[in-house]
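The next block holds one structure in the form of structure tokens; read it before the comments.
Order of listing sets the numbers, starting from 1, for every ligand and every atom in it.
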Amino acid sequence: MKTQLLDANKAEDIQAAGEILRSGGLVAIPTETVYGLAANALDGKSVEKIFKAKGRPQDNPLIVHIAAEEDITPLVQLFPETAKRLAKAYWPGPLTMILPKSEKIPPQVSAGLDTVAIRFPSHPAAQAVIHAAGVPLAAPSANLSGKPSPTTAAHVLEDMDGKIEAVLDGGSCAVGVESTVVTLAQTPPRLLRPGGITLDQLRAVLGRVDLDPAVMNPLQAGAKVSSPGMKYKHYSPKANVVIVDAPFEAYCQYVNSHKEPGVAALCYSGEDSALQVPAICYGEETDYAQQARELFDALRKLDDDLKAKTVYARCPQPEDVGLAVYNRLIRAAGFEVIHLE
Ligand code: AMP
Ligand code: MG
């Protein structure tokens, strides 16, 4: 299949994307979080193509994207007061809510669960494509399963060229990590995946919100999984990533005493000059939003530009949007952390 490159700034390309989606094809679309691989969410056969193109495990459910708050109503059993308050505060935006699903949601979308994940993205091109398609769009991140999520159209093409009908190029994604996922299908609500909307922002609207243990920790064998996506090794470059939890001096010493071929560093902006190995920076130490925006591109560069075999990464602070950065990087590292004084 030849993958068409469409331009998100051209009205006729938005219409072309809508047409492909209406007729059952796949289009990678820009959103404010990462690029999504979209299909008609109401058609199980179209949705199956997403799993095939990504190599995604069948038991990992998809997020359904809508372009108006009221479009949630037919997709869920009920739209509770708590969800309405969250929607008022943070929709459109990088927040996904999980609710009991209606019979309109095909089993392929929810991977057999009785709940569905819904998001109203703020990116104008994402909204325009949903309108053009005339249906809600199921869209996981547009990467091959296991690889870092794509934050540019070029990243999408690296993984999906020849496998999908089109990529709609809308430039770089503003948030850079996937949406915050909160489940309202249980009480108290629970944060399943951190993202651009923080735990404090959720608590400001909902009061008590629990943090799922899988956000920070590896899943214990046999434990019940609230969010199937947490089970899988994720966001991984080919290189072996190791997080070094240490003050900067100790980090530098550690990295510089390991300067062997294939060793690289993933550090904060400006720190590379103190390191004696090739390094990629992923934002200022105190700017969590910038770290989120740059992380996935940095992970891809470690493979593609540096051909790194082992990467020693600075440890993100697990607070505010930094919690999302920590959650992604610790999975990229397969939970391998070295602690130094
Ligand atoms: P992605 O779209 O690739 O960012 O992945 C979607 C994430 O949302 C995965 O981590 C899923 O496990 C999670 N998710 C989607 N639907 C549900 C659901 N019904 N219950 C729990 N988690 C869900
Ligand atoms: Mg994903």
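- When only interatomic distances are considered, the shortest N/O to N/O separation between Thr115 and ligand 1 falls below 3.5 Å.
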Exercise for the section: Start with the C-alpha gap between Lys309 and Lys238, add the side-chain angles, then the distance that decides, and say whether side-chain contact (heavy atoms from CB on, under 4.5 Å) holds. Expected result: CA-CA 8 Å; Lys309 295 274 176 291; Lys238 292 180 204 116; over 6 Å; no
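- Note on Lys101 versus Asp114: no salt bridge recorded, every NZ/NE/NH1/NH2 to OD/OE distance being 4.0 Å or above.
- Among Val116, Ile98, Asp59, the residue whose heavy atom sits closest to atom 22 (N) of ligand 1 is Ile98.
- Between His155 and Asn143, the side chains place no donor N or O within less than 3.5 Å of an acceptor N or O (distance only, hydrogens not considered).
- Note on Arg22 versus Glu19: salt bridge recorded, some NZ/NE/NH1/NH2 to OD/OE distance being below 4.0 Å.
- For Ser110, the closest heavy-atom approach to ligand 1 does not fall below 4.0 Å.
- Closest heavy-atom approach to atom 2 (O) of ligand 1 within the set Pro100, Pro140, Ser149: this belongs to Pro140.
- Ring orientation note: the planes of Phe79 and Trp91 are close to parallel, at an angle under 30° on the 30°/60° scale.
- For atom 5 (O) of ligand 1, the choice among Arg119, Glu178, Arg56 with the nearest heavy atom turns out to be Arg56.
- Annotation for Pro30 and Ala8: closest pair CG-CB, 4.4 Å, computed over non-hydrogen atoms.
- The Asn60 neighbourhood of ligand 1 comprises atoms 9 (C), 11 (C), 12 (O), with distances under 4.0 Å to a heavy atom of that residue.
- For Asn143, every N, O or S atom stays at 2.8 Å or more from the Mg ion (ligand 2).
- Gln290 and Glu294 form a side-chain donor-acceptor contact under 3.5 Å, judged by distance and modelled atom types alone.
- Close approach of ligand 1 to Ser141 is summarised as follows: ligand atoms under 4.0 Å from at least one heavy atom of the residue are 1 (P), 2 (O), 3 (O).
- Every atom of ligand 1 with a heavy atom of Leu113 under 4.0 Å away is listed here by number and element: 18 (C), 19 (N), 20 (N).
- Near Arg193, meaning under 4.0 Å from one of its heavy atoms, ligand 1 places the atoms 1 (P), 4 (O), 5 (O), 6 (C), 7 (C).
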